[in-house]
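No experiment lies behind these values; they were computed from the predicted model shown. In what follows, residues are counted from 1 in the order of the sequence shown. What you see below is based on every heavy atom in this structure, not just the backbone, and it leaves out hydrogens, waters and symmetry mates.
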Amino acid sequence: AACNAGIIDLGEQTLIFDAFLTPQAAAELLTVAEEISSSPVKLVVNSHHHLDHIGGNQIFPETTTILSTSATRALIAQQAAQQLAALQEQEAQRLAELEKQAATARKSAEKQDAQQALAQWRFLQEALPNWQFRLPTTTFDQRLVLYGRQRQAELITYGGGHSQSDAILYLPAEKIVFMGDLLSIQCHPALHDGDPGEMPRILDLVKRLQPQTLVPGHGPVGSLADIQAMQHYLATMTETALTELAFQTEEGLDVDKRISQLRPPSAFASWTRTQFFATNLRFLYQRVMTAYAE
């Protein structure tokens, strides 16, 4: 599955928010949705274009409407074929790397992450021969309101933060927001394909909706306190990239070596998806150095 998903019964139709990583997981998601909701699944939302949120699109019936922002649809159209080709090219090498990581990891969080990544990759391998990327069929640019007999759902985008374009799903009566990857809870987010400078602004706008329950793209269900934790993570990681990397004046500083010596700050020491700590630091360092050069 790789990411979280939402099942929302609107009354006359059911909506699924995010389609999981693999077609196998999405098929199970569809089965569960049909079992627990009172109406058929007719809508699927892609919160953004990353593979772990769109990989299951293909298993939904052709009559299902797939929704996204206009920018997300364009990004899927531009990058889907490249993503598939890269997966096929990396298949054997990546499997060997993940098997080694799972065997050698010592810390519990790192071992859990490695084992999960290995399991996901094996499901990806199984799906590769028949994998097809299905594009969204309906798009919006700012806000789309869906009125159902049981409840109202609002699709909203405030621009790009985690990716170049991110959408959330807001249930105003229930005060629930499905956040996609704009929010990760108790796990490191992936920052390297977005604009982390925009994320605090977007998260502040989500706060204005006054939600009581937040469903992240990764991690357990949370609350507004988890938005504050995410904003603290962004600020702390940016400061670390500045003080531990950009402000180091020794000649010949080996950035990768220095990053390998660093560990997550104590507030995030227990967070999972530890592989993104180094990736995020490197990305933030490169952003800082680019800004200095300009």
Side-chain angles (χ1 to χ4, degrees), residues 1-4 18-28 48-56 79-131 133 162-163 181 184-194 196 216-220 233 237 240-241 244-245 252-287:
C3 73
N4 291 330
D18 278 338
F20 284 161
L21 170 66
T22 64
Q24 302 99 306
E28 293 187 18
H48 61 292
H49 73 286
H50 291 160
L51 179 62
D52 55 330
H53 297 257
I54 68 166
Q79 299 183 17
Q82 298 172 358
Q83 288 180 325
L84 182 57
L87 286 172
Q88 292 170 333
E89 183 179 341
Q90 300 167 5
E91 187 173 352
Q93 179 184 350
R94 183 62 176 152
L95 178 62
E97 291 174 353
L98 291 171
E99 287 176 337
K100 181 179 179 181
Q101 290 173 12
T104 58
R106 293 292 176 260
K107 294 184 178 180
S108 59
E110 292 177 358
K111 193 167 190 67
Q112 177 184 340
D113 288 339
Q115 290 173 340
Q116 184 179 40
L118 176 60
Q120 288 174 354
W121 188 258
R122 286 173 173 158
F123 278 112
L124 286 173
Q125 282 188 304
E126 181 183 319
L128 277 176
N130 300 307
W131 209 343
F133 286 95
H162 167 74
S163 70
D181 281 2
S184 294
I185 296 179
Q186 297 176 21
C187 59
H188 293 264
L191 303 179
H192 58 274
D193 193 33
H218 302 273
Y233 179 90
M237 290 291 286
T240 301
E244 299 295 338
L245 301 173
L253 172 67
D254 186 329
V255 173
D256 287 332
K257 181 178 180 180
R258 178 60 181 145
I259 289 174
S260 71
Q261 296 169 344
L262 297 172
R263 294 292 177 266
S266 58
F268 319 114
S270 64
W271 286 19
T272 59
R273 301 215 303 169
T274 53
Q275 69 271 25
F276 288 114
F277 173 71
T279 304
N280 290 340
L281 270 185
R282 188 176 296 106
F283 173 66
L284 291 169
Y285 165 75
Q286 291 168 348
R287 278 174 58 89

- Note on the structure: Residue set satisfying side chain to side chain donor-acceptor pair (under 3.5 Å) with Ser163, at least two apart, ordered chain then number -> Asp166

- How would you list, by chain and number, every residue that makes a ring pair (Phe, Tyr, Trp, His ring centres under 6.0 Å) with Trp121, sequence neighbours excluded? none

- Message: Restricting to side chain to side chain contact (heavy atoms under 4.5 Å, CB included), what partner residues turn up for Arg122, sequence neighbours left out?
- Response: Leu95, Glu99, Leu118, Gln125

- Taking all heavy atoms of Ser260 and all of Arg263, pick out the closest pair and write down the distance. O-NH1, 2.9 Å

- Task: State which residues pass side chain to side chain donor-acceptor pair (under 3.5 Å) with Tyr233; sequence neighbours excluded, sorted by chain then number.
- Result: His188, Asn280

- For Phe283, the side chain to side chain contact (heavy atoms under 4.5 Å, CB included) test, sequence neighbours excluded, returns Leu191, His192, Pro196, Arg287

- Residues forming a side chain to side chain contact (heavy atoms under 4.5 Å, CB included) with Asn130, sequence neighbours excluded: none

- Contact summary for Ile185 and Pro220, nearest pair of heavy atoms: CD1-O, 3.2 Å

- Please tell me if the side chains of Asp254 and Arg258 come closer than 4.5 Å, counting only heavy atoms from C-beta onward. no

- Task: Return the minimal non-hydrogen interatomic distance between Pro216 and Ser184, and the atom names on each side.
- Result: CB-CA, 4.2 Å

- Item | Residue from Ser266, Ser270, Pro265 passing side chain to side chain contact (heavy atoms under 4.5 Å, CB included) with Phe268 | Pro265

- Residues passing the ring pair (Phe, Tyr, Trp, His ring centres under 6.0 Å) test with His49, sequence neighbours excluded, are none

- Tell me, with the steps shown, if Asp181 and His53 meet side chain to side chain donor-acceptor pair (under 3.5 Å). CA-CA 9 Å; Asp181 281 2; His53 297 257; 3.0 Å; yes

- Minimal non-hydrogen separation, Ala127 against Gln24, with atom names: CB-OE1, 3.7 Å

- Is the shortest heavy-atom distance from the side chain of Pro189 to the side chain of Phe276 under 4.5 Å? no

- Across all chains, not counting sequence neighbours, the side chain to side chain donor-acceptor pair (under 3.5 Å) partners of Asn4 are none

- Task: Mark yes when over 12 heavy atoms from residues, nucleotides or ligands other than Phe123 sit less than 6.0 Å from its CZ; otherwise mark no.
- Result: no

- How far does CD of Gln83 sit from CG of Leu51, to the nearest 0.5 angstrom? 5.0 Å

- Check: Ala2 main-chain N/O paired with His218 side-chain donor or acceptor under 3.5 Å: yes

- Message: If the condition is side chain to side chain donor-acceptor pair (under 3.5 Å), which residues does Gln275 pass it with, not counting sequence neighbours?
- Response: none

- Item | Gap separating the CG atom of Asp193 from the NE2 atom of His48, nearest 0.5 angstrom | 8.5 Å

- Query: Can you tell if the side chain of Glu244 reaches within under 4.5 Å of the side chain of Leu281, non-hydrogen atoms only?
  - Reply: no

- Here the pair of heavy atoms bringing Ala26 nearest to Ala19 is CB-O, 3.4 Å

- Note on the structure: Residues passing the salt bridge (charged side-chain N to carboxylate O under 4.0 Å, His left out) test with Glu97, sequence neighbours excluded, are Arg94

- Message: Taking side chain to side chain contact (heavy atoms under 4.5 Å, CB included) as the definition, give me every residue that meets it alongside Gln116, ordered by chain and number, with sequence neighbours left out.
- Response: Gln120

- Taking salt bridge (charged side-chain N to carboxylate O under 4.0 Å, His left out) as the test, write out the residues that go with Glu28, two or more places apart. none

- Message: I need the minimum non-hydrogen distance between Tyr285 and Leu245, along with the two atoms involved.
- Response: CD1-CB, 3.5 Å

- Got a donor-acceptor contact below 3.5 angstrom from the Trp271 side chain to the Phe277 backbone? no

